[in-house]
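First the structure, in the form of structure tokens, and then the observations on it.
These figures come from a predicted structure and were not determined experimentally. Chain identifiers are assigned alphabetically (A, B, ...) following the order of the sequence lines, protein sequences preceding nucleic acid strands; residue numbering begins at 1 within each chain. Values below: every heavy atom of this structure, side chains too, minus hydrogens, waters and symmetry copies.
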Amino acid sequence: MLDKNYKAAEVEAAIYAEWEKSGAFACHPDSKAASYTIAMPPPNVTGSLHMGHALTFTLQDILIRWRRMQGRDALWQPGTDHAGIATQMVVERELALEQTDRHKLGREKFIERVWQWKEQSGSTITRQLRALGASPDWSRERFTMDEGLSAAVRKVFVTLYREGLIYRDKRLVNWDPVLHTGISDLEVENIETKGSLWHIRYPVEGTDRHIVVATTRPETMLGDSGVAVHPEDERYQDLVGKFVILPLVGRRIPIVADEYADPKTGSGAVKITPAHDFNDFEVGKRHDLALINIFDRDAKLNDAVPEAYRGMDRFAARKKIVADLEALGLMEKIEPHTLQVPHGDRSGAVIEPWLTDQWYCDAKTLAQPAIASVEQGKTVFVPKTWENTFFEWMRNIQPWCISRQLWWGHQIPAWYGPDGKIYVAETEAEAQAQAGAGVTLARDSDVLDTWFSSGLWPFSTLGWPDETKELKRYYPTDVLVTGFDIIFFWVARMMMMGLHFMRDVPFRTVYIHALVRDERGQKMSKSKGNIIDPLVLIDKYGTDALRFTLTALAAQGRDIKLAESRVEGYRNFVTKLWNASRYAEMNECKLVAGFDPSSCKMTVNRWIVGALAEAAANVTDALEAFKFNEAADALYHFAWGTFCDWYVEFTKPILTGTDEAAKAETRAAAAWVLAQTAHLLHPIMPFVTEVLWREWTGGRDGLLMVKVWPRYAFAVDRDAVAELDWTVTLIAKIREVRAEMNIPGAAELPAFVAAQAQQREWIARHLDQIKRLARLKSVEFATPATKMIQIGADGAELFLDAAGAVDLDQEKARLAKEKGAIEIELGKIDQKLGNAQFMAKAKPEAIEEQRERQAEKQAALDRVGAALARLGA
RNA sequence: GGGCGAUUAGCUCAGCGGUAGAGCGCCUCGUUUACACCGAGGAUGUCGGCGGUUCGAUCCCGUCAUCGCCCA
């Protein structure tokens with residue numbers, strides 16, 4: 001006998017262990033079944049499960065479990081990402097606690113230390129994925145720095161280099177002066193900041209005129225190598241080609257005409273600092289201005305500036321420069337100004353555009369096939385609107401800076417000879433061979449952007465560059481499930497790399513889900529303190545409740561605002577299901593081998609198996625279309641609203657009755673429907689359904705997770721549906737009237753019925769149920785002589801004998817109100833049907849529908865009228 | 001500045017060219033052979049404003065407002 005409540009916390013770990021031990025998570029490369037593949041977006045090895053993970057992995061697990069039950073050879077490829085900067089920072093923090101740092105340790109020892117950390121702590125996230133119930137093929141778990149994946153990275157790098165798609169270049173890079181590395185545009189967060197706009201007067205050489213330039217970063221003036229004005233700006237026509245003398249520095253720099261200068265902003269003239277601003281860099285290139293680097297790697301002023309400023313931090317220098325300019329009377333004015341300040345997404349430091357040698361990937365070339373593939377529908381985004389986002393990014397893609405000045409990551413397979421000549425090769429030996437024996441080589445100390453290796457994930461995890469059978473079988477993957485925040489970081493890169501190296505898209509479908517936000521719609525973040533920890537919810541309500549909640553809220557194209565009350569509500573749903581099973585068990589509803597749902601004779605059973613079949617079809621359709629919330633909704637309403645609320649209540653009299661044949665059929669049908677419901681719920685709520693399945697089968701029939709997904713050949717019995725719907729409506733109406741008339745719930749009232757043959761038959765068949773659920777003492781087929789409460793149902797009139805407990809004036813008022821409501825409805829319909837335009841132009845179905853409604857309402861009106869007449873109103 | 005999305009019950013959200021829905025909350029009643037993490041019943045909506053298309057608009061189009069996100 002089941003306990004009264006399901007205790008998720010006590011059973012989940014054991015159930016999971018059983019699944020994992022059974023081998024049911026594994027793919028079968030030699031199977032004849034069609035494959036179904038999802039490459040799991042590898043969480044950072046430093047990560048711990050947050051709500052976004054919980055959502056994305058729940059949805060992926062639903063798809064995988066569902067397809068697996070459908071008989072597909074499902075591969076959910078798991079793994080973790082080495083997460084260069086993030087991981088290095090974690091270990092560096094540890095070192096700081098030990099009063100040391102990576103430089104004292106040296107590169108080799110430091111990397112050893114990171115690996116150690118990875119061995120000890122790197123499994124946190126995978127352990128938490130297990131708590132979530134995720135069912136990937138753990139035997140195939142990969143790590144982006146595994147030997148195999150590293151070999152793939154080297155091969156890709158070397159190949160792209162030889163194809164000219166990777167190259168070394170001196171350009172401005174987003175420099176993080178705290179982490180001492182360049183980062184890609186995507187890793188930069190622009191934060192709106194209140195600052196100032198300083199207007200500085202630059203003296204024009206050989207005149208007593210000044211030209212005023214406005215800047216948000218006065219300290220960079222030390223690196224100015226020009227002033228730009230708009231070519232059509234009349235104010236400065238005569239100055240173009242002349243020079244200004246840069247204050248504080250004394251450098252003579254040209255005034256150039258360039259459209260970058262906006263005549264409407266400030267004075268219309270801008271200072272140009274080509275070495276420290278991306279726009280200025282371009283202007284400088286056009287006019288051949290000098291690149292004057294004034295910062296060191298800490299963003300402190302270097303020796304290229306006047307002595308007074310050397311070694312100063314950029315922000316301290318700003319103050320001093322402003323003060324010095326004011327002292328010289330060269331500060332025209334200072335205005336408050338809000339601007340976007342670039343920050344490193346990891347360090348939070350203000351990013352400095354800095355001139356360095358970096359490795360770049362020619363993303364523009366690689367992007368073309370990716371764009372074409374989406375245009376041609378080889379890869380489809382769901383919802384489709386995200387394709388615009390993808391195109392927008394891909395069509396304006398910039399060279400991708402792939403080198404990072406870090407230690408943790410894939411070291412770039414490039415070596416330099418004493419003369420600076422570059423040798424790129426997969427191994428040092430090859431590079432040596434290229435250079436010739438005896439040439440001393442030094443390896444490039446940089447590592448690759450983490451996204452470089454994760455871009456290979458869909459094929460590197462399958463064994464590429466070896467032509468493994470897994471690669472052949474599981475690439476391209478079927479669907480990628482991810483959030484829109486990494487369309488650029490990851491989806492785009494996988495598309496580029498996959499198409500280039502595999503000659504095919506990495507996935508057929510990209511399902512983009514929402515971001516999980518808090519109740520107020522705010523992004524969850526540590527600083528806001530609004531984080532809801534999925535593990536806390538799991539402890540409190542069980543994994544299934546959390547999974548069901550996320551599924552029910554995962555409507556396409558919307559952010560998810562998560563309220564804990566929803567989780568609680570769906571925990572209640574788990575309990576409801578549990579107790580329905582408990583009820584079934586108490587009534588000896590046992591699974592019957594070979595039960596054929598279409599063989600049911602009783603209407604109520606024919607009805608419930610039909611309703612189940614319909615729910616099953618709805619769930620399948622919803623999953624096919626990635627409409628997770630609709631699948632959850634269909635199951636919730638079938639299980640609770642149909643099965644528990646009506647079928648269970650309806651069959652109670654049968655199960656406690658004496659008709660053995662009826663009992664047997666009902667028990668078998670109830671058990672079957674419940675078990676099928678568990679099948680349908682399993683992908684969303686794997687734990688409780690597995691526990692119940694074991695309870696019903698005694699563990700003799702294997703695991704639910706490998707059972708066949710429901711699909712039925714039998715047709716829904718429409719007559720049974722009509723009969724039950726009518727009966728349910730009748731009961732609901734009686735209950736409604738009773739409540740309205742304040743008839744005590746316990747009072748059992750005699751009833752009389754005047755009905756057509758069909759309805760008489762229906763009432764007779766479900767007499768016990770109607771009496772029980774509507775609290776009737778007796779039902780007599782006759783029209784009563786006295787005045788009573790009167791309830792109309794289609795084809796029947798039911799009279800309730802409240803025996804003086806009810807004031808007939810009250811009943812008259814009730815009927816009058818009902819009449820009024822019907823008249824309003826009928827009026828609207830009459831108006832519509834009386835509209836010549838409507839009759840001429842509306843679809844025939846729409847007209848027919850209105851006619852039917854008109855007839856319905858008219859009949860109801862007649863009935864209420866007759867009832868009122870009988871009461872003498 | 002460019003783009004995307006949202007605006008529906010007190011709250012969180014579905015939905016949709018022709019009867020406006022769910023969960024939570026609220027109110028009333030209730031312990032009848034699963035379940036009070038329950039059951040029965042109920043109240044609450046000019047579907048953001050204004051125009052347009054249409055026989056008909058909460059739904060399609062335009063516009064405005066407000067909010068959110070992404071990109072410059």
Side-chain angles (χ1 to χ4, degrees), chain A residues 1-6 185-186 189-190 278-279 340 383 385-386 388-389 391-393 396 484-485 487-488 514-515 517-523 541-542 545 549 552-587 589 627 629-630 632-633 636-637 640-641 644-645 648-649 652-653 655-656 731-746 748 772-775 825 828-829 831-843 845-850 852-853 856-857:
Chain A
M1 180 68 172
L2 293 169
D3 288 342
K4 208 162 153 182
N5 284 295
Y6 167 62
D185 296 345
L186 286 173
E189 281 176 353
N190 289 303
F278 288 96
N279 288 313
Q340 301 285 329
T385 53
W386 291 111
N388 293 329
T389 307
F391 286 140
E392 186 59 30
W393 166 256
N396 298 300
F484 60 80
D485 49 333
I487 290 179
F488 307 144
L515 249 44
R517 300 176 186 280
D518 76 358
E519 267 175 283
R520 291 209 206 81
Q522 308 226 318
K523 207 165 168 173
Y541 301 107
T549 306
L553 294 176
Q556 282 178 13
R558 271 249 210 190
D559 287 344
I560 294 180
K561 290 182 202 157
L562 186 68
E564 189 171 327
S565 61
R566 294 299 293 249
V567 188
E568 192 183 347
Y570 291 120
R571 185 274 319 267
N572 295 352
F573 176 56
V574 173
T575 307
K576 187 75 181 175
L577 190 75
W578 182 262
N579 277 288
S581 308
R582 192 160 170 262
Y583 163 84
E585 196 174 44
M586 287 168 73
N587 285 285
C589 301
K627 293 185 173 172
N629 59 317
E630 289 183 13
D633 199 55
Y636 186 91
H637 285 106
W640 198 320
C644 292
D645 286 351
V648 165
E649 294 306 327
K652 276 177 181 169
L655 294 175
T656 53
I731 293 166
K733 277 190 175 169
I734 298 171
R735 283 171 167 175
E736 195 183 317
V737 172
R738 289 179 61 119
E740 197 178 341
M741 305 295 286
N742 294 317
I743 296 168
E748 295 190 336
R772 181 190 147 81
L773 297 175
R775 308 290 293 159
E825 284 289 310
K828 283 188 203 161
I829 300 166
Q831 200 178 14
K832 214 169 227 182
L833 288 169
N835 181 343
Q837 298 279 14
F838 174 74
M839 297 308 284
K841 294 187 179 171
K843 281 181 292 191
E845 305 94 83
I847 295 174
E848 188 46 38
E849 201 182 314
Q850 294 302 321
E852 276 168 25
R853 286 193 61 215
E856 238 170 69
K857 295 289 168 194

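- Remark: C1' of C55(B) and CD of Gln837(A) are 6 Å apart, rounded to the nearest angstrom.
- Salt bridge present: Glu649(A) and Arg772(A) bring a charged side-chain N and a carboxylate O closer than 4.0 Å.
- Separating the CD1 atom of Ile847(A) from the P atom of C55(B) is a distance of 13 Å, rounded to the nearest angstrom.
- What separates OH of Tyr570(A) from P of C24(B) is a distance of 8 Å, to the nearest Å.
- As the counterpart of G5(B), C67(B) is assigned, both hydrogen-bonding distances of the Watson-Crick or G-U wobble pattern falling under 3.5 Å.
- Residue-level contact check: Lys828(A) touches neither bases nor backbone, having no heavy atom under 4.0 Å from any strand.
- For the P atoms, the distance linking A9(B) with C47(B) amounts to 10 Å, nearest Å.
- Looking at the side chain of Asn629(A), the nearest of the listed nucleotides A34(B), A14(B), C55(B) is A14(B).
- Note: CD (Glu189(A)) to C1' (A72(B)) measures 16 Å, nearest angstrom.
- Nearest-nucleotide positions on RNA chain B for Ala584(A) and Glu392(A) put Glu392(A) closer to the 5' end.
- Arg735(A) places a side-chain N or O within donor-acceptor distance of the main-chain N or O of Leu773(A), the cut-off being under 3.5 Å.
- Counting to the nearest Å, the C1' atom of C55(B) and the CE atom of Met839(A) are 11 Å from each other.
- In the set U19(B), U12(B), A34(B), the nucleotide with an atom closest to the side chain of Lys652(A) is A34(B).
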Restricting to nitrogen or oxygen on both sides, can you table the protein-nucleotides 36-42 of chain B pairs closer than 3.5 Å?
{"residue": "A36(B)", "atom": "OP1", "partner": "Lys4(A)", "partner atom": "NZ", "Å": "3.4"}
{"residue": "C37(B)", "atom": "O4'", "partner": "Asn572(A)", "partner atom": "OD1", "Å": "3.0"}
{"residue": "C37(B)", "atom": "O2", "partner": "Arg571(A)", "partner atom": "NE", "Å": "2.7"}
{"residue": "C37(B)", "atom": "O2", "partner": "Asn572(A)", "partner atom": "OD1", "Å": "3.4"}
{"residue": "C37(B)", "atom": "O2", "partner": "Thr575(A)", "partner atom": "OG1", "Å": "2.4"}
{"residue": "C38(B)", "atom": "OP1", "partner": "Asn572(A)", "partner atom": "ND2", "Å": "3.2"}
{"residue": "C38(B)", "atom": "O3'", "partner": "Lys576(A)", "partner atom": "NZ", "Å": "3.1"}
{"residue": "G39(B)", "atom": "OP1", "partner": "Lys576(A)", "partner atom": "NZ", "Å": "3.1"}
{"residue": "G39(B)", "atom": "OP1", "partner": "Trp640(A)", "partner atom": "NE1", "Å": "2.5"}

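- Going from the P atom of G21(B) to that of U46(B) covers 16 Å, rounded to whole Å.
- Each of Ser581(A) and Lys843(A) lies near RNA chain B, and the nucleotide nearest Lys843(A) is the one positioned closer to the 5' end.
- Within 4.0 Å of Ala842(A), counting heavy atoms only, lies at least one base atom of the nucleic acid.
- Pairing for A40(B) is with U28(B), a Watson-Crick or G-U wobble pair whose two hydrogen-bonding atom distances lie under 3.5 Å.
- Using atom C1' as the reference point in both G18(B) and C69(B), the two lie 36 Å apart (nearest Å).
- Remark: P of U53(B) and NZ of Lys841(A) are 12 Å apart, rounded to the nearest angstrom.
- At whole-Å resolution of the value, CZ in Phe488(A) and P in C69(B) are 16 Å apart.
- Among the protein residues, Thr389(A) comes within range of no part of the nucleic acid, since none of its heavy atoms lies under 4.0 Å from any strand.
- Looking at the side chain of Tyr636(A), the nearest of the listed nucleotides C55(B), G23(B), A34(B) is G23(B).
- Side-chain proximity of Gln850(A) to U32(B), G18(B), C55(B): nearest is G18(B).
- Listed by chain and residue number, Tyr583(A), Cys589(A), Leu655(A) satisfy the side-chain contact (heavy atoms from CB on, under 4.5 Å) test with Asn587(A) (two or more places apart in sequence, or in another chain).
- Base pairing analysis places G62(B) opposite C50(B); the two distances defining the Watson-Crick or G-U wobble pair are each below 3.5 Å.
- Between Tyr570(A) and Tyr636(A), the ring-plane angle classifies as perpendicular under the 30° and 60° cut-offs.
- Annotation: the span from Glu852(A) atom CD to Glu845(A) atom CD amounts to 11.5 Å, rounded to 0.5 Å.
- Distance alone, capped at 3.5 Å, is enough to place a donor-acceptor pair between the Arg738(A) side chain and the Pro744(A) backbone.
- Rounded to an integer number of Å, the gap from Phe391(A) CZ to C70(B) P is 22 Å.
- Residues Phe838(A) and Gln850(A) meet the side-chain proximity criterion, which asks for heavy atoms closer than 4.5 Å.
- Across all strands, Arg738(A) comes closer than 4.0 Å to no nucleic acid atom at all (heavy-atom distances).
- When side chains are defined from C-beta on, Asp633(A) counts as touching His637(A), because their heavy atoms get closer than 4.5 Å.
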